[in-house]
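Read the structure below first, then the notes.
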Amino acid sequence: MRRTKSAVKGDGGFDFDVVVVGGGSAGYAAARSTAAAGLKTAVADGARELGGLCILRGCMPTKALLHAAEVRHMVGRAGEFGVRAGKVGHDFRRVMARKNELIRGFVEYRQGQLGDGRFELIRAEAFFLDAHTLDLGLGRKVSARNVVLATGSQPSPPPPVPGLAEIGYWTSDDALAVGRLPKSLIVLGGGAVAVEFAQFFARFGTRVTLVQRSAHILSDCDADVAQALEGALTKEGLRLFTGTRLVSARQAGRLKEVTFEHGGRMRRVAAEEILLALGREANTGSLNLDLAGVAAKSGKIVTDASMRTTARHVYAAGDCASLNEIVHLAVLQGELAGHNIAFPRRPRTMDDRLLMAVVFTEPQVATVGLSEKVAAARGVVCMTATYPFNDHGKSLILGATAGFVKLLADPGSGEILGGSCVGPLGGELIHEITAAMAKRMTVGELAAMPHYHPTLAEIWTYPAEELAGKVKSRRRVNRFRRG
């Protein structure tokens with residue numbers, strides 16, 4: 001363990017002003033923030049490879065694979081555009097090698113950031129001995145005035161389905177490292193990870209069956225959003241079973257068979273492999289949180305809007321604390337924790353009004369702000385309007401006509417409260433609504449803003465115009481009643 005910066009005790013006799021546990025996106029963001037403010041900072045990370053979930057096993061590798069699948073899919077559609085491409089094939093080893101090359105570059109860059117001397121990097125696991133002391137293993141320990149917990153997440157354990165553990169299954173980590181394509185695959189789950197991997201494997205020729213417990217995939221989204229993606233995936237040949245209850249799993253010769261209840265009857269599906277994609281859980285079990293007075297709920301560390309835990313000197317950020325396992329939020333939370341430690345008299349808080357989420361299937365699914373489901377749960381009155389991509393010029397040109405956009409607005413002021421996009425480049429298009437919401441624009445202002453033609457982005461003007469007309473009608477009615 002290097003001690004280049006800790007030979008002299010920090011303020012109050014502590015080894016460090018701040019120790020950050022975890023060197024992923026949230027942890028690095030917190031450490032650079034406190035170090036930039038002049039606080040003696042260390043990052044403790046005992047992972048076999050530095051980089052964090054996003055770089056190693058999350059955002060970056062999955063999106064690299066999804067783009068390869070999209071290229072293959074589009075080449076297969078070349079005839080629609082009058083282009084002769086011949087028989088489409090692939091070299092799966094090269095697909096995986098390209099992904100690995102990209103990740104190697106991202107990892108090297110992050111490792112360079114962690115080791116560039118702004119803070120001390122301690123290559124060890126850490127857990128609490130008491131409120132201010134962390135055990136680093138092999139008899140080593142370090143004290144800190146403040147601690148930031150950014151330990152990330154790990155794949156959730158399997159559900160209690162008889163036989164599943166015995167026959168074996170892939171996690172999302174395993175799926176990123178496969179050396180060959182299975183001829184058939186059962187995907188258990190219907191969240192972002194499940195549907196992204198399902199489409200990836202299907203587009204490379206694997207027969208995919210997806211089994212989801214909820215009534216729709218992407219159960220956090222509005223039903224119309226989920227149904228649009230379900231239709232697109234089914235059109236590509238994926239078998240989807242929603243509203244199910246898993247019963248058992250067993251080995252059936254060379255295949256693995258899953259039995260589940262669906263529509264009041266028992267069904268059985270068999271495949272070479274099973275991908276368990278039922279989400280991730282906070283990686284907090286070994287931290288000894290109780291010794292520091294840090295509370296957790298359902299495994300996740302409890303924080304307030306300033307990212308402070310129930311122990312006032314301990315903060316948490318990223319997947320170990322957030323209900324939304326999204327990397328840009330992890331970075332924001334890490335920066336926020338670092339700022340609040342460094343500048344306690346100028347505290348900042350998280351604002352979830354601009355919460356975004358993107359699922360990188362095709363069509364992509366992207367949301368920001370309120371959905372109809374969340375608005376109803378919170379008792380927020382709003383008006384909505386949608387417009388389909390199959391009636392939009394640029395999407396017709398691209399041959400990408402699945403899905404729609406939806407806007408939510410305040411019925412009195414017309415302020416934009418949320419947006420959803422199921423369609424081409426939805427993850428890019430949603431940022432227009434995020435920018436509009438950041439400036440608290442109304443649907444009338446969005447409709448009036450110039451949009452180049454023909455572009456995908458101009459599709460937002462159609463629901464904006466519809467809602468702006470409703471706002472004006474209400475105002476006319478109100479003026480009449482007052483008169």
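Source: prediction; values computed, not measured.
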A side-chain contact here means heavy atoms from C-beta on lying under 4.5 Å apart; do [X] and [Y] qualify?
X: E415; Y: M437; answer: no
X: L229; Y: H216; answer: no
X: L370; Y: R378; answer: yes
X: R145; Y: K40; answer: no
X: N340; Y: R308; answer: no
X: F404; Y: V225; answer: yes
X: L240; Y: Q212; answer: no
X: L56; Y: P61; answer: no

Would you find a donor on one side and an acceptor on the other, under 3.5 Å apart, between the side chain of [X] and the backbone of [Y]?
X: H392; Y: P388; answer: no
X: W460; Y: V405; answer: no
X: T34; Y: L39; answer: no
X: K99; Y: T62; answer: no
X: D222; Y: D224; answer: no
X: R280; Y: D319; answer: no
X: T206; Y: P182; answer: yes
X: T310; Y: G293; answer: yes
X: E196; Y: F360; answer: yes
X: Q364; Y: V358; answer: no

Can you tell me if [atom1] on [X] sees more than 12 non-hydrogen neighbours from other groups inside 6.0 Å?
X: R98; atom1: CZ; result: no
X: H67; atom1: NE2; result: no
X: R312; atom1: CZ; result: no
X: F92; atom1: CZ; result: yes

Rounded to the nearest 0.5 Å, what's the gap from [atom1] on [X] to [atom2] on [Y]? Could you check?
X: R239; Y: L210; atom1: CZ; atom2: CG; result: 11.5 Å
X: I55; Y: R110; atom1: CD1; atom2: CZ; result: 4.0 Å
X: L188; Y: R213; atom1: CG; atom2: CZ; result: 11.5 Å
X: D45; Y: L114; atom1: CG; atom2: CG; result: 7.5 Å
X: L398; Y: L425; atom1: CG; atom2: CG; result: 8.0 Å
X: H313; Y: H132; atom1: NE2; atom2: NE2; result: 4.0 Å

Locate the shortest heavy-atom distance separating [X] from [Y]; write the atom from each residue and the value.
X: V147; Y: A144; result: CG2-CB, 4.1 Å
X: L134; Y: F128; result: CD2-CD2, 3.7 Å
X: P158; Y: L276; result: CA-CD2, 3.5 Å
X: L278; Y: S156; result: O-OG, 4.0 Å
X: T442; Y: S413; result: CG2-O, 3.6 Å
X: A30; Y: V148; result: CB-CG1, 4.0 Å

Practice problem: Considering only NZ, NE, NH1 and NH2 on the basic side and carboxylate oxygens on the acidic side, decide whether E101 and R94 come within less than 4.0 Å. | Solution: yes

Quiz item: Can a salt bridge be assigned to the pair D116 and R32 using a cut-off of 4.0 Å between side-chain N and carboxylate O?
Solution: no

Practice problem: Would you sort out whether F241 and V269 count as a side-chain contact (heavy atoms from CB on, under 4.5 Å), showing the intermediate values? | Solution: CA-CA 11 Å; F241 293 95; V269 293; 4.2 Å; yes

Quiz item: Run the side-chain contact (heavy atoms from CB on, under 4.5 Å) check on R203 and H90 step by step: do they pass?
Solution: CA-CA 11 Å; R203 286 188 163 185; H90 60 265; over 6 Å; no

Quiz prompt | Aromatic ring pairing H339/F343, orientation class (parallel under 30°, perpendicular over 60°, tilted between) | solution = tilted

Exercise. Can you label the angle between the F201 ring and the W170 ring as parallel, tilted or perpendicular, going by 30° and 60°?
Key: tilted

Quiz prompt | Name of the residue among L246, V258, V187 meeting side-chain contact (heavy atoms from CB on, under 4.5 Å) with V211 | solution = L246

Exercise. Would you check if there is a donor-acceptor pair between the side chains of Q199 and E362 at a distance under 3.5 Å?
Key: no

Quiz item: Are T171 and D173 linked by a side-chain donor-acceptor pair shorter than 3.5 Å?
Solution: no

Exercise. Go through M449 and E445 one step at a time and tell me if the side-chain contact (heavy atoms from CB on, under 4.5 Å) criterion holds.
Key: CA-CA 6 Å; M449 189 176 76; E445 290 169 330; over 6 Å; no

Quiz item: side-chain contact (heavy atoms from CB on, under 4.5 Å) between T367 and S420: does it pass, once the steps are laid out?
Solution: CA-CA 4 Å; T367 61; S420 298; 3.7 Å; yes

